[in-house]
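Beneath this line is the structure, given in structure tokens, with notes to follow.
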Amino acid sequence: MVFENKFVQQRIEKAQLLKDAGFNPYSNECKRNTTIDKFLNVNSDINNKENKRDENRHYIVSGRIKFFRIMGKASFIKIEDESGMLQAYIARDNLPEGFYNNTFKKNIEVGDIVEIEGYPFVTGKGELSIHATALRLLTKAIAPLPEKFHGVTDKEIRYRKRYLDLIMNSEVRKTFQTRSKVISLTRRFFEDKGFLEVETPMMHPIAGGANAKPFVTHHNALGIDRFLRIAPELYLKRLIVGGFEAVFEINRNFRNEGMDATHNPEFTSIEFYWAYKTYKDLIEITKEYFQYLFEHLNLPTILPYGDMEVNFENFTELPLIESLTTVGGIPSELCNDKDSIIAYLKSKNIAVKPGMNLGQLQGELFDEFVEEKLINPTFITEYPVEISPLARRSDKNPAITERFELFIAGREIANAFSELNDPIDQYERFKDQVDAKDAGDDEAHEMDEDFIDALSYGMAPTAGQGIGIDRLVMLLTNEHSIRDVLLFPAMKPIHHEAKTTEEE
RNA sequence: GUCUUGUUAGCUCAGCUGGUAGAGCACGUCACUUUUAAUGAUGUGGCCGAUGGUUCGAAUCCAUCACAGGACACCA
């Protein structure tokens with residue numbers, strides 16, 4: 001039963017008593033004329049006034065009751081709206097006859113949403129408050145709020161019932177306000193640079209653009225399966241072929257993989273593609289982008305993240321192979337020899353999968369010995385071609401690609417490269433991926449013939465980049481779980497008894 | 001996927017080597033017209049995550065399962 005809890009029952013009764021007394025427990029008549037933060041700002045001068053009050057000022061504020069202190073014939077309550085918290089002084093003799101004793105004290109309680117009419121004054125203890133001349137119930141809460149001091153701390157409740165988390169933990173709202181700002185600033189930044197925001201399909205006939213397992217869904221009318229997209233990349237590049245020169249898309253990707261502190265099955269990224277540019281230009285625009293974000297979010301350029309301090313004034317570039325030695329401390333002579341790397345990894349007790357090529361092994365060295373040491377923003381460049389199936393080869397050295405990944409606080413934040421636009425090279429690389437897939441790699445790419453077709457019409461030299469928005473927000477808000485920057489993170493369903501027995 | 005730690009009242013938490021459940025907040029009743037987690041008095045409130053087992057007896061011991069947190073593996 002949904003409403004069987006005794007506290008809920010009690011509150012439903014109170015709602016009925018209010019209804020019987022002529023008060024609609026779900027009234028729609030809102031007369032609010034100011035928000036709480038405005039009230040507090042506008043009336044900050046009250047403390048200097050005679051009697052510390054001004055009965056000529058008249059306000060109506062609304063909010064949820066968070067504290068309720070009855071002191072006999074008068075009470076203090078605190079109400080909270082989106083902008084802040086305000087104390088109200090509710091005295092019997094300032095309210096209609098009988099309202100205080102019969103209605104307010106008996107049937108109004110913590111959790112209810114009310115509207116308070118009155119004038120500003122400062123209490124004996126010095127708190128700017130509203131002196132109520134009227135109080136109206138707007139919404140009766142029939143579920144009791146969690147404990148007023150500790151609030152909700154249980155992560156499971158906080159994620160499953162985010163609304164409760166938001167009611168009880170106002171700093172959580174700030175995280176999501178920051179997230180929202182990051183997204184709108186990102187949109188504005190790229191629009192101001194002349195990029196066009198586009199929307200490409202989320203249901204793909206072939207899941208491409210990344211190495212990941214897709215979700216499968218079904219189109220009934222066509223009788224065919226579709227994949228939820230794992231990346232928008234291949235569609236955005238088709239648009240560059242079509243003649244758009246700067247496009248971006250901010251939206252969700254879906255990957256059918258494990259969940260942990262940095263992975264949610266659906267996550268938000270921005271990908272942008274820029275014709276007649278190279279990854280060098282992307283390094284510059286990325287620096288500019290971070291500067292823009294920090295400026296508009298008012299963040300300090302030396303940003304704390306956990307135990308770390310990240311200096312955002314100091315972006316550096318470092319070729320991957322060089323980083324193995326200078327950051328990872330790996331002897332440089334073994335970094336270009338397969339067998340030496342395998343021996344080195346084994347000597348460090350790291351399992352090496354059979355059949356890895358040189359590029360993959362270098363990537364392995366980087367992941368093991370370098371990545372977590374890159375605290376200040378670092379563009380790692382010159383990725384081996386074997387681990388960059390969609391990136392353009394360097395003209396000087398065909399074994400490496402014109403690519404970078406940006407690392408901050410020991411984590412990858414962005415991935416970018418000059419795009420491969422040679423259709424025959426792309427075809428060969430897809431074929432290698434198909435072979436890998438046949439050999440059991442279920443994250444390898446499939447052959448996307450239409451994409452090859454598109455490239456064969458000619459794609460202007462283009463640079464493209466992806467940034468994981470969730471992880472970026474984690475970094476900027478000093479959060480350490482992706483679930484704390486997602487309003488409704490993915491959670492397993494709770495199996496009820498009846499359902500479990502049914503399944504067995 | 002593996003390991004590990006949790007799950008007790010609406011919420012935050014106690015509960016010893018097995019003997020039939022405890023606090024604070026909230027809620028009910030009473031007192032109190034300037035409180036700040038208001039205070040004082042008093043009372044109600046529990047299928048101890050689920051299922052099985054051991055035992056005369058299980059919140060407590062064992063097994064399985066569910067969910068969550070953390071770590072590792074994979075990945076963005």
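Here is how names work: the chains are called A, B, and so on, in the same order as the sequence lines, proteins then strands, and each is numbered from 1.
The interatomic distance linking A/Lys140 (NZ) with B/C27 (C1') rounds to 12 Å, in whole Å. Atom CG in A/Asn94 sits about 13 Å away from atom P in B/U34, given to the nearest Å. The interatomic distance linking A/Met168 (CE) with B/A37 (P) rounds to 14 Å, in whole Å. Across the protein-nucleic acid pair, A/Gln9 atom CD and B/U44 atom C1' stand 15 Å apart, rounded to whole Å.
Looking at A/Gln87, its side chain comes within 3.5 Å of the base of B/U35 through a donor and an acceptor atom. Between the base of B/A9 and the side chain of A/Asn5 there is no donor-acceptor pair shorter than 3.5 Å. Checked by distance alone, A/Tyr89 brings a side-chain donor or acceptor within 3.5 Å of a matching partner on the base of B/U33. The base of B/U36 sits with one of its N or O atoms less than 3.5 Å from a complementary donor or acceptor on the side chain of A/Lys78.
In the set B/U35, B/G46, B/G69, B/G69 carries the atom at the smallest distance from any side-chain atom of A/Arg483. Considering only the side chain of A/Arg92, B/U33 comes nearest among B/C27, B/U33, B/A68. The side chain of A/Thr153 sits closest to B/U12 out of B/U12, B/C32, B/A38. Checked against B/U35, B/G10, B/C27, the side chain of A/Pro144 finds its nearest nucleotide in B/G10. Closest contact between the side chain of A/Asp93 and the listed nucleotides B/U12, B/C67, B/U33 involves B/U33. For A/Glu147, the listed nucleotide lying nearest its side chain is B/G10; candidates were B/C74, B/G10, B/A38. Distances were taken from every side-chain heavy atom of A/Ile157 (C-beta onward) to each of B/G46, B/C11, B/U33; the shortest belongs to B/C11.
Shown for residues 97-127 of chain A: residues whose heavy atoms fall under 4.0 angstrom of RNA chain B, namely A/Phe121, A/Thr123, A/Gly124, A/Lys125, A/Glu127.
Base engagement by A/Asp260 is indicated by at least one non-hydrogen atom pair under 4.0 Å involving a base atom. Across all strands shown, A/Asn264 has heavy atoms under 4.0 Å from base atoms, whether or not it also approaches the sugar-phosphate. Note on A/Lys52: nothing from the nucleic acid sits closer than 4.0 angstrom, heavy atoms only. As judged by a 4.0 angstrom heavy-atom cut-off over every strand, A/Gly151 is placed among residues touching the sugar-phosphate backbone only.
Here A/Tyr279 and A/Phe417 keep their ring centres 6.0 angstrom or further from each other. Ring centers of A/Phe76 and A/Phe68: at least 6.0 Å apart, outside the cut-off.
With RNA chain B read from its 5' end, the first of the two nearest nucleotides for A/Val152 and A/Arg53 is the one closest to A/Val152. Positionally, the nearest nucleotide of RNA chain B for A/Met491 lies more toward the 5' end than for the other of A/Asn211 and A/Met491.
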Working for salt bridge (Lys or Arg N to Asp or Glu O under 4.0 Å), residues A/Lys140 and A/Glu109 = CA-CA 9 Å; A/Lys140 183 72 192 165; A/Glu109 56 204 319; 2.7 Å; yes

Take A/Lys373 and A/Glu371 through the test salt bridge (Lys or Arg N to Asp or Glu O under 4.0 Å) and record every step on the way to the result.
-> CA-CA 5 Å; A/Lys373 294 178 186 156; A/Glu371 179 166 1; over 6 Å; no

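Searching all strands for a Watson-Crick or G-U wobble partner of B/C32 with both distances below 3.5 Å returns nothing. The base-pairing partner of B/G46, taking Watson-Crick or G-U wobble contacts with both distances under 3.5 Å, does not exist among the strands shown. When both distances must be under 3.5 Å, the Watson-Crick or G-U wobble mate of B/A66 is B/U7. B/G19 is paired with B/C56 under the criterion used here, namely a Watson-Crick or G-U wobble arrangement in which both key atom distances are under 3.5 Å. As the counterpart of B/G1, B/C72 is assigned, both hydrogen-bonding distances of the Watson-Crick or G-U wobble pattern falling under 3.5 Å.
No donor-acceptor distance shorter than 3.5 angstrom exists from the side chain of A/Ser180 to the backbone of A/Phe176, with no hydrogens or angles considered. Side chain of A/Asp112 to backbone of A/Ile65: no donor-acceptor contact under 3.5 angstrom is found.
Of the C1' atoms belonging to B/A41 and B/U4, the separation is 47 Å, rounded to the nearest Å. Nucleotides B/U2 and B/A38 are separated by 47 Å at their P atoms, to the nearest Å. Nucleotides B/G53 and B/A58 have their C1' atoms positioned 11 Å apart, rounded to a whole Å. The C1' atoms of B/C48 and B/G22 are separated by 12 Å, rounded to the nearest whole Å. Nucleotides B/C27 and B/A68, compared at atom C1', are 29 Å apart to the nearest Å. Taking the P atoms as reference points, B/U5 lies 24 Å from B/C74, given to the whole Å. B/C65 and B/U7 have their C1' atoms separated by 14 Å, with the value rounded to a whole Å. Comparing the same atom, C1', in B/C16 and in B/C61 gives a spacing of 14 Å after rounding to whole Å.
Ring orientation note: the planes of A/Tyr305 and A/His480 are close to parallel, at an angle under 30° on the 30°/60° scale. Aromatic ring orientation, A/Tyr100 versus A/Phe104: parallel (interplanar angle below 30°, classes split at 30° and 60°).
Judged by centroid separation below 5.5 Å and plane tilt below 30°, A/Phe7 does not stack onto the base of B/G10.
Residue A/Lys155 places no side-chain N or O under 4.0 Å from the OP1 or OP2 atom of B/A68. At the phosphate of B/C11, neither OP1 nor OP2 sits under 4.0 Å from any side-chain N or O atom of A/Lys148. Residue A/Arg69 places no side-chain N or O under 4.0 Å from the OP1 or OP2 atom of B/U39. Contact annotation: A/Lys14 reaches the phosphate of B/G28 (side-chain N/O to OP1 or OP2, under 4.0 Å).
For A/Glu266, the salt bridge (charged side-chain N to carboxylate O under 4.0 Å, His left out) partners two or more places apart in sequence, or in a different chain, are A/Arg252.
Relative to the six-membered ring of A/Phe488, A/Arg162 misses at least one condition, a distance below 6.0 Å or an angle of at most 45° to the axis.
Donor-acceptor pairing under 3.5 Å is recorded for the side chains of A/Tyr289 and A/Thr186.
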